[in-house]
Amino acid sequence: MRKQAMEIVQQEKVGKDIYRLTLAGGLAAVPGQFVQVGVSSTADPLLKRPFSIHYCNGSRLVLLYQVTGRGTNLLAAKKEGEILEVTGPLGRGFPLPEEGRAVVVAGGMGAAPLYYLLHALKSAGRDVTFLYGARTAAALVLQEQYRSLVRHYAAATDDGSFGRQGPVTELLQEELSRRPGVVFACGPEPMLRGAAAIAAGFNSRCFVSLEARMACGVGACLGCVIPGADGRYRRVCADGPVFAAEEVFPA
Amino acid sequence: MRKQAMEIVQQEKVGKDIYRLTLAGGLAAVPGQFVQVGVSSTADPLLKRPFSIHYCNGSRLVLLYQVTGRGTNLLAAKKEGEILEVTGPLGRGFPLPEEGRAVVVAGGMGAAPLYYLLHALKSAGRDVTFLYGARTAAALVLQEQYRSLVRHYAAATDDGSFGRQGPVTELLQEELSRRPGVVFACGPEPMLRGAAAIAAGFNSRCFVSLEARMACGVGACLGCVIPGADGRYRRVCADGPVFAAEEVFPA
Amino acid sequence: MTVDLSVKIGKLILKNPVMPASGCFGYGEEYARFFNLSRLGAIVVKGTTMRPRPGNKPPRIAETPAGILNAIGLQNPGAEEARLRIGQLAGYGIPVIVNVAGNSKEEYLQVIQTLEKEEAASAYEINVSCPNIKAGGLSFGTDPGVIYELVSLLRAATKKTLIVKLSPNVTDITPLARAAEDAGADALSLINTLVGTAIDIQKRRPLLGNVTGGLSGPAVKPVALHFVWQVSDAVKLPVIGMGGISSAEDAVEFLLAGASAVAIGTANFVNPLVCPEVIDGIAAYLQENNFNSVGEIIGLAKKGKAG
Amino acid sequence: MTVDLSVKIGKLILKNPVMPASGCFGYGEEYARFFNLSRLGAIVVKGTTMRPRPGNKPPRIAETPAGILNAIGLQNPGAEEARLRIGQLAGYGIPVIVNVAGNSKEEYLQVIQTLEKEEAASAYEINVSCPNIKAGGLSFGTDPGVIYELVSLLRAATKKTLIVKLSPNVTDITPLARAAEDAGADALSLINTLVGTAIDIQKRRPLLGNVTGGLSGPAVKPVALHFVWQVSDAVKLPVIGMGGISSAEDAVEFLLAGASAVAIGTANFVNPLVCPEVIDGIAAYLQENNFNSVGEIIGLAKKGKAG
Ligand SMILES: Cc1cc2nc3c(=O)[nH]c(=O)nc-3n(C[C@H](O)[C@H](O)[C@H](O)COP(=O)(O)OP(=O)(O)OC[C@H]3O[C@@H](n4cnc5c(N)ncnc54)[C@H](O)[C@@H]3O)c2cc1C
Ligand SMILES: Cc1cc2nc3c(=O)[nH]c(=O)nc-3n(C[C@H](O)[C@H](O)[C@H](O)COP(=O)(O)OP(=O)(O)OC[C@H]3O[C@@H](n4cnc5c(N)ncnc54)[C@H](O)[C@@H]3O)c2cc1C
Ligand SMILES: Cc1cc2nc3c(=O)[nH]c(=O)nc-3n(C[C@H](O)[C@H](O)[C@H](O)COP(=O)(O)O)c2cc1C
Ligand SMILES: Cc1cc2nc3c(=O)[nH]c(=O)nc-3n(C[C@H](O)[C@H](O)[C@H](O)COP(=O)(O)O)c2cc1C
Ligand code: FES
Ligand code: FES
């Protein structure tokens with residue numbers, strides 16, 4: 001965990017308002033961890049922005065992000081050669097299963113950290129299904145890259161413009177009824193709750209990656225808490241962002 | 001006077017920490033007027049920065065500026081193609097003399113607005129002397145451009161690394177003792193006071209361009225005042241930045 | 001579909017809820033070169049005292065993170081001259097609100113008496129809160145009894161709309177707001193600037209000639225929003241909210257927090273067109289969110305669940 | 001030439017004037033992964049109450065122009081558990097200052113009694129100013145009589161250094177500062193956060209679960225500097241200055257304004273190395289300007305001519 005100045009090697013537009021940013025410099029992280037990225041050299045906007053690690057290795061760090069506000073707008077305007085301040089890796093990532101099948105479920109931009117997870121699962125020789133959901137076909141970015149990493153692949157869109165029409169959790173329901181597996185999910189909270197409930201119905205373990213507004217990103221400020229299933233607060237940045245579903249969603 | 005979004009056509013380094021910035025878009029201004037330039041799209045730094053008009057015509061605006069702090073640092077980092085918000089032209093410029101000779105005196109970055117003044121004096125067919133002073137040779141930027149506009153030219157540096165060693169006001173003293181003329185001066189305040197005193201000694205009219213910390217730049221906030229020779233405050237942005245020397249410097 | 005932007009502040013009907021903040025718009029003439037002032041909901045002119053005031057010694061402005069400090073010290077030409085300048089604004093057909101200041105109750109009263117016959121002066125904004133005058137000014141704004149007496153005195157002297165501008169530099173603003181209400185004010189405006197300073201670390205002395213100044217601009221917006229929320233709960237009077245508004249989004253925050261109108265100060269310095277841009281932006285927000293009038297969103301954030 | 005960075009705060013000698021601000025550094029462990037905490041002048045831990053507190057409901061953080069609002073609500077594990085965590089900081093060989101909070105005088109006293117036997121706890125910072133606790137907390141900070149009683153009570157209970165942290169949300173801070181001094185405090189610290197709020201204009205409700213929060217970060221720096229200037233004039237006690245410090249230049253401003261030491265809060269979140277960077281930067285400033293010790297610049301801006 002450290003603060004580094006990293007140079008932008010590539011800033012590619014990969015979808016509507018979605019960019020893939022490649023930074024020079026190594027980072028030793030596990031899938032599901034995140035970094036905090038400085039989007040401005042001045043006091044406004046003040047806070048660094050949290051982004052999951054889309055991919056990293058000893059010499060580069062890749063982020064996949066969507067422009068949704070002021071900070072991400074500034075980030076998208078940055079050019080190759082510019083320097084960003086990056087703190088990380090932060091948080092707890094996905095626990096890699098010792099054995100067995102894995103079902104990885106993405107909702108929209110929730111796909112970002114799962115790419116690195118799929119890499120790790122592939123290296124570990126796991127049998128993996130990737131279920132990729134989004135509002136519409138255009139939001140299913142980088143499909144080929146995801147598909148190339150897994151044995152089973154299916155997509156769903158809310159508007160039916162690609163793959164199954166409906167929530168990606170319907171694909172999960174079918175997948176688990178076909179073959180069991182540990183579930184890893186990232187996406188909007190209702191989708192995560194849905195996935196957790198379905199996994200519970202099959203007695204499958206389920207790990208979800210959550211989001212919260214953060215200040216420090218390291219566990220010091222207690223700003224990013226969410227209530228756990230036991231009613232006690234968890235820090236998303238330091239106790240998560242990946243949690244066992246039963247820790248954060250009441251049964 | 002209006003607010004425009006202007007595109008950067010060229011950003012050239014013309015000296016140590018000194019840049020010449022060319023923006024696309026017309027501005028109808030008289031020499032000595034200035035513009036306020038937005039250096040950030042966020043709330044920090046908040047205020048626009050005032051810069052004299054180095055040159056302008058119906059299709060472009062040129063500024064000559066030195067990097068001295070946060071805002072000018074941000075400005076220098078901007079690239080061709082980027083858009084700046086510019087308000088202007090602002091303030092009162094130099095009154096062009098109906099007839100007779102003009103002696104134009106620059107101290108350091110005070111040269112910036114005088115380039116446009118020399119253009120106007122040349123167009124008006126005036127006989128002009130330009131006296132260019134700075135701390136050291138390297139700070140006498142764009143000498144050839146200035147020289148090409150005038151009949152008489154002399155330079156002075158504090159350290160003697162170029163031209164006469166000593167303050168540029170010594171050149172003014174000699175020039176006025178040789179031939180009379182209206183004096184136009186821009187530079188550090190002590191130099192302006194010196195120039196005004198010398199001009200007064202020769203019964204020459206003298207116009208000086210002043211600086212002050214500004215907020216609005218248009219005369220509304222009363223933030224940029226300086227005491228006049230009569231003890232009453234003047235707004236540098238709206239009553240100036242060019243003043244008759246006797247209006248602002250007590251005799 | 002057009003939306004109804006009009007709001008009522010005391011006896012005034014403003015055609016839209018946007019006005020410049022006092023001291024940030026002179027007597028209007030400078031910004032009249034950028035846009036037609038008749039677009040404004042109202043115009044608010046510089047703080048006016050009975051006699052001309054030279055103001056504080058320079059430097060008067062310091063830039064701070066997302067804000068500025070000012071120590072103008074109420075430089076103004078005095079009530080007689082102000083009256084002439086205000087008269088020149090009659091042609092715009094919008095209410096002119098005169099910000100009134102003074103060192104004593106009598107001075108406030110004299111200013112109002114001087115302006116009372118000027119028809120173009122539609123309302124008074126009583127500045128009991130300028131942090132840049134040493135004598136009297138500050139204490140006026142911090143004592144409910146003094147506010148009550150002052151406002152009662154002025155209320156007896158005028159039928160025009162009386163707005164009291166409160167200071168944010170207080171422990172509890174609600175008794176001050178209630179004192180103004182009880183004494184017959186028609187509306188409240190807030191916030192004035194927060195007291196602050198800045199230091200030049202090379203020269204090792206304060207940046208401002210006056211040592212302290214008033215902080216304004218985006219930096220103070222969260223503080224201003226809180227006061228507007230709190231005061232609009234504590235009194236029935238309409239509140240004119242201000243402090244850091246630079247965009248229509250900011251203005252909508254103030255309306256949702258309970259302001260019936262908004263004033264824009266520092267942002268004029270950064271963007272001379274900010275007032276008309278905010279008016280258009282509020283209309284667009286209302287339309288996009290299917291509201292018919294600005295009245296529908298005033299205080300709406302208080303009804304929603306937090307978080 | 002090396003410069004002497006040490007300062008004295010009550011009975012503590014700090015080897016340099018830089019410490020993290022309470023609530024912004026947990027119990028140190030998180031930032032220990034970024035740098036060696038023994039570099040700090042002191043470490044200040046999270047506000048501690050007698051019993052564990054869950055804190056406010058989320059969202060607890062909102063970003064504002066050059067600042068943040070927080071509504072943590074004093075989440076802390078309680079004095080017994082805090083004592084264990086503080087014990088673990090002993091190895092760094094620097095003073096540990098425990099920020100103490102409570103809903104009653106008795107609770108403050110109990111916290112101190114619990115920590116009194118923990119040798120690693122070198123000093124107490126009495127937080128009479130947290131704007132995020134509803135019951136009691138706020139009024140503690142605004143009444144000189146209450147501050148006097150509270151500090152007298154705690155003074156009788158401990159010989160350790162007693163620092164009183166004052167609220168900036170007051171009309172006049174000087175009587176509060178004097179009350180703390182008269183009751184035997186060793187030092188004062190300021191400022192705590194300014195009360196503020198922010199509104200989500202899409203959801204039309206406050207951004208914070210608690211509706212209001214405390215504003216900190218660069219936005220508040222001018223306000224903090226003013227209070228430090230004013231309080232260091234009003235009392236003889238050393239003042240620990242804080243509010244928006246993000247760089248050595250900012251820290252030097254506070255020292256020049258009269259602070260004997262500085263604390264850094266929000267800036268840690270942006271730059272986890274800010275504390276050591278500020279320590280090095282202060283040393284560099286002193287060297288470049290030919291000062292031998294940090295003591296030479298404390299309050300120096302007051303002697304210079306303004307402007
Ligand atoms: C652990 C974690 C991992 C994330 N990974 C990714 C990713 O890989 N790709 C991606 O596109 N987005 C990701 N996000 C969301 C991303 O942080 C926000 O989209 C981003 O902060 C928005 O910043 P903004 O300035 O554009 O938006 P604004 O709305 O202007 O931001 C205002 C404030 O709210 C915060 N904020 C706004 N939206 C979110 C959000 N959804 N989550 C947390 N804070 C938010 C901002 O950080 C900022 O402090 C992640 C969030 C978290 C917590
Ligand atoms: C009418 C006028 C014309 C000018 N023309 C030129 C020019 O042609 N070329 C040029 O290089 N400079 C010119 N200046 C000076 C220029 O405005 C400052 O160098 C610039 O504002 C510094 O900004 P900064 O953010 O880099 O410095 P910082 O010190 O970080 O700025 C902090 C604040 O102080 C203000 N400030 C700092 N220095 C000055 C200054 N000398 N005058 C006024 N305000 C200042 C800034 O605008 C800002 O608000 C002019 C100033 C005025 C008033
Ligand atoms: C330069 C300047 C001058 C001001 N003069 C006055 C004044 O004369 N009377 C007054 O009531 N408020 C005055 N104010 C305060 C503003 O009207 C307003 O309350 C404050 O600046 C907050 O709004 P803002 O953040 O939009 O600027 C002044 C503010 C500034 C920046
Ligand atoms: C997230 C957060 C938590 C805080 N918790 C406490 C606390 O527990 N006790 C306290 O006295 N101050 C607390 N503060 C206030 C800070 O210690 C400090 O006084 C204030 O933030 C101003 O400094 P800054 O601008 O450098 O952050 C907290 C501030 C923040 C941002
Ligand atoms: S963001 Fe600070 S504890 Fe999580
Ligand atoms: S800068 Fe506002 S009056 Fe000159």
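Reminder, nothing fancy here: chain letters follow the sequence lines and each chain counts from 1. Note that this is a predicted model, so its numbers are computed, not measured.
Contact detail for C:Ile68 and B:Ala215: the closest heavy-atom pair is CD1-CB, 4.4 Å. The two atoms that bring B:Cys221 and C:Ile72 nearest to each other are O-CD1, 3.2 Å, heavy atoms only. Between C:Cys24 and B:Ala220 the shortest heavy-atom distance is O-CB, 4.3 Å.
Checked against side chain to side chain contact (heavy atoms under 4.5 Å, CB included), C:Leu115 has the following partners two or more places apart in sequence or in another chain: C:Arg83, C:Ile86, C:Val98, C:Val111, C:Tyr124.
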Distance-only donor-acceptor pairs under 3.5 Å across chain C and chain B:
unit_1	atom_1	unit_2	atom_2	d
C:Glu30	OE2	B:Arg235	NH1	3.2
C:Arg60	NH1	B:Leu222	O	2.8
C:Glu63	OE1	B:Arg49	NH1	3.2
C:Glu63	OE1	B:Arg49	NH2	2.8
C:Glu63	OE2	B:Leu46	N	3.1
C:Glu63	OE2	B:Leu47	N	2.8
C:Glu63	OE2	B:Arg49	NH1	2.8
C:Val270	O	B:Lys48	NZ	2.5
C:Asn271	OD1	B:Lys3	NZ	3.0
C:Glu277	OE2	B:Lys3	NZ	3.0

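Chain B forms the most heavy-atom pairs under 4.5 Å with one residue out of C:Phe35, C:Phe25, C:Phe269, and that residue is C:Phe269.
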